[in-house]
Protein chains: 2
Amino acid sequence: MQNATLQIQVQDTLFVKDPSSSTIGKSILEQGLILLSEIGLEEFTFKKLALKISSTESTIYRYFENKHQFLSYLFNFYWAWMDVNIAFAITNIDCPKERLKRIIRVLTQKVSNDIRTPFIDEEILQEVIALESSKTFLSKKVDEENKAGYFLQYKKLVDRISLIVVEINPTYAYPNALVSTILESSFHQRYFGIHLPRLTNEMHVQERLEDFLTELCFKTLL
Amino acid sequence: MQNATLQIQVQDTLFVKDPSSSTIGKSILEQGLILLSEIGLEEFTFKKLALKISSTESTIYRYFENKHQFLSYLFNFYWAWMDVNIAFAITNIDCPKERLKRIIRVLTQKVSNDIRTPFIDEEILQEVIALESSKTFLSKKVDEENKAGYFLQYKKLVDRISLIVVEINPTYAYPNALVSTILESSFHQRYFGIHLPRLTNEMHVQERLEDFLTELCFKTLL
DNA sequence: CAAATATAGTAGTATTACTATCAATCTAAG
DNA sequence: CTTAGATTGATAGTAATACTACTATATTTG
């Protein structure tokens, strides 16, 4: 099983044509992710990507409606992949406290490329998601996109972790809020640590970020 | 002093020409804010705004370099105004715990238009900032913009509240991280409450949001 | 092997994000 | 009260963006 590839399923509302179904589609994912990490969402265009993969805009449009949908695809891919990672990290662990601790460790760890997913480099993906993911839901189209399942993976994961939170403290009133706060915070605090240090306390150091979020959770829950 | 206007100072790096210095500048602020709240940053263009205020694009460009700078202006205005609000809410309160509690109340409250600031409707401003503020700093230009003082007001406020956190618990290692997490969370959780309810627990209800954040802080600090 | 169909490439349009120029107006100083 | 200076408005223009429609080619199937 060592060489098994990991099939990450993404909603079919998140693409026009499944990019994982063709060579050029995979190239769009792979190079698109790299380009996105290089220049950011605002500067990212399908034209630039087409140039990079020696193809054309119209070809890319056959796979994704627009760059926002492309980002949302990556967003879902990331959380689906993270879900697998988390599931793996907590198998055979019975104690819910230990499970939550391990989840926080996984969430705050810098990931490296997962060779089981061929055309996606998770290290780059995490960087991109950290910077751009808020933009997927902070839009006037949230409700519409939410209906179309744009945030399903993320919601699933929040639910899943919230169940563990409830196990730890069944009387706690805001498990989902706590979990989504931690998820958002894990990105933003690290980002602040690098770019806006005055807003945080050396959160680019993984151990500190992990400690901060773990303490936040357990002090709140116990 | 009842009719006194409140002068909110915004960095001169956040505009080309001070919009508060002329009638048309004020109109850009007032109507720009309204338009932004109506259609969101992605759809917002200076052309549309020019049409709305019966002026031209070139006139608006004389005040702001681009819509990102316009948003950053509003972002700083909001936090500068919030700073005044918070300062007022904690004057004469000596107990740091009580001060923090009151700050969280102010942060989670839905504001209404402050008549002391003529051309800015704070109710609309808060809505806009909740949706768009993350976009001010989640960009490839953060470092550059940070140097130019784009986030000064926000950083000042985080610092100010962090000092109170330190008063409450001088040994706590992550005061700034806790404060910025609460600030970010106050926006996102309310937003989730309205648009992505599965990610939270009825956080669109002010009392719940206030309770959630207050508990988070005090359990962590005490 | 021919017809059907999937896919890529070409060419176009409307809009965006600006910049430049010039005339009209209003304002402030001598 | 006149004139210089600054502000605004109108017009025009450019390069890039965000698409769409059509055409050419490759592949699959009957």
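Scope of the values below: all heavy atoms of this structure, side chains included, with no hydrogens, waters or symmetry mates. Residue numbers begin at 1 in each chain, while the letters A, B, ... track the order of the sequences.
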Enquirer: By nearest heavy atom, map T23(B) and F44(A) onto DNA chain D; which one lands nearer the 5' end?
Expert: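 The residue mapped nearer the 5' terminus is T23(B).
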Enquirer: Can you confirm whether the side chains of E184(B) and S185(A) place a donor and an acceptor under 3.5 Å from each other?
Expert: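 No, S185(A) and E184(B) have no side-chain donor paired with an acceptor closer than 3.5 Å.
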Enquirer: Does T59(B) put a side-chain nitrogen or oxygen below 4.0 Å from OP1 or OP2 of dT8(D)?
Expert: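 So the side-chain polar atoms of T59(B) never come under 4.0 Å of the phosphate oxygens OP1 or OP2 of dT8(D).
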Enquirer: Hey, does the side chain of S58(A) come within less than 4.0 Å of dA8(C)'s phosphate (OP1/OP2), counting only N and O?
Expert: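 It does not, given that no N or O in the side chain of S58(A) lies less than 4.0 Å from OP1 or OP2 of dA8(C).
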Enquirer: Calculate the interatomic distance between Q69(B) atom CD and dC18(C) atom P; express it in whole Å.
Expert: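 Going from Q69(B) (CD) to dC18(C) (P), I get 11 Å.
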Enquirer: Using atom CD1 of I28(B) as one end and atom P of dT8(D) as the other, report the distance to the nearest whole Å.
Expert: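 Checked: the CD1 to P distance equals 8 Å.
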Enquirer: Relative to the 5' end of DNA chain D, which residue comes earlier, E65(A) or S22(B), by the nucleotide with the nearest heavy atom?
Expert: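 In this pair, the answer is S22(B).
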Enquirer: Measuring from the side chain of E57(A) (C-beta onward, heavy atoms only), which nucleotide among dA18(D), dG9(D), dG9(C) has the closest atom?
Expert: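 Looking only at side-chain atoms, E57(A) lies closest to dA18(D).
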Enquirer: Please report the distance, rounded to the nearest Å, between CD1 in I24(B) and P in dT25(C).
Expert: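 Going from CD1 in I24(B) over to P in dT25(C) covers 15 Å.
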Enquirer: Got a sec: does the CZ of R105(A) have more than 12 other heavy atoms crowding it under 6.0 Å?
Expert: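 No.
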Enquirer: In this structure, are over 12 heavy atoms from other groups packed under 6.0 Å from K48(A) atom NZ?
Expert: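 More than 12 heavy atoms, drawn from other residues, nucleotides or ligands, come within 6.0 Å of this atom.
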Enquirer: Does K47(B) place a side-chain N or O at less than 4.0 Å from the phosphate oxygens OP1/OP2 of dC18(C)?
Expert: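 Result: no.
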Enquirer: Out of the candidates F75(A), Y78(A), F77(A), only one should pair with Y154(A) under the ring-ring contact (aromatic ring centres under 6.0 Å, His included) rule; please name it.
Expert: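 It is F75(A); the other options fail the test.
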Enquirer: Which part of the nucleic acid does Y61(B) contact within heavy-atom distance under 4.0 Å: base, sugar-phosphate only, or nothing?
Expert: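 The residue Y61(B) makes base contact.
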Enquirer: I need the CZ-C1' distance between F70(B) and dC18(C), as an integer number of Å.
Expert: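 The distance from CZ of F70(B) to C1' of dC18(C) comes to 17 Å, rounded to the nearest Å.
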Enquirer: How about E42(A) and H68(B): does a side-chain donor come under 3.5 Å of a side-chain acceptor?
Expert: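 Not at all, the side chains of E42(A) and H68(B) share no donor-acceptor pair under 3.5 Å.
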Enquirer: Taking OP1 and OP2 of dT8(D), is either one under 4.0 Å from a side-chain nitrogen or oxygen of Y63(B)?
Expert: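 Answer is yes, contact under 4.0 Å.
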Enquirer: Does K67(B) have a side-chain nitrogen or oxygen under 4.0 Å from the phosphate oxygens OP1 or OP2 of dT16(C)?
Expert: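 Answer no for this pair, as no side-chain N or O of K67(B) is under 4.0 Å from OP1 or OP2.
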Enquirer: Please state how far atom CD in E43(B) lies from atom P in dA18(D), giving the value in whole angstrom units.
Expert: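 Rounded to the whole Å, the gap is 11 Å.
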Enquirer: Which nucleotide in the list dT17(D), dT8(D), dT7(C) gets nearest to the side chain of R62(B)?
Expert: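 Minimum distance to the R62(B) side chain belongs to dT8(D).
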Enquirer: If you only use heavy atoms from C-beta on, which nucleotide in dA10(D), dA18(D), dT8(D) is closest to the side chain of T56(B)?
Expert: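 Among dA10(D), dA18(D), dT8(D), the one nearest the side chain of T56(B) is dA10(D).
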Enquirer: How many Å lie between CD on E42(A) and C1' on dA18(D), as a whole number?
Expert: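 It works out to 15 Å between those atoms.
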Enquirer: Between dC18(C), dT8(D), dA18(D), spot the one nearest the side chain of K17(B), thanks.
Expert: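 Comparing dC18(C), dT8(D), dA18(D) against the side chain of K17(B), the answer is dT8(D).
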Enquirer: What integer distance in Å separates F46(B):CZ from dT16(C):C1'?
Expert: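 Interatomic distance, CZ of F46(B) to C1' of dT16(C): 12 Å.
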Enquirer: L51(A) CG to dG9(C) C1': how many Å, rounded?
Expert: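 Rounded to the whole Å, the gap is 14 Å.
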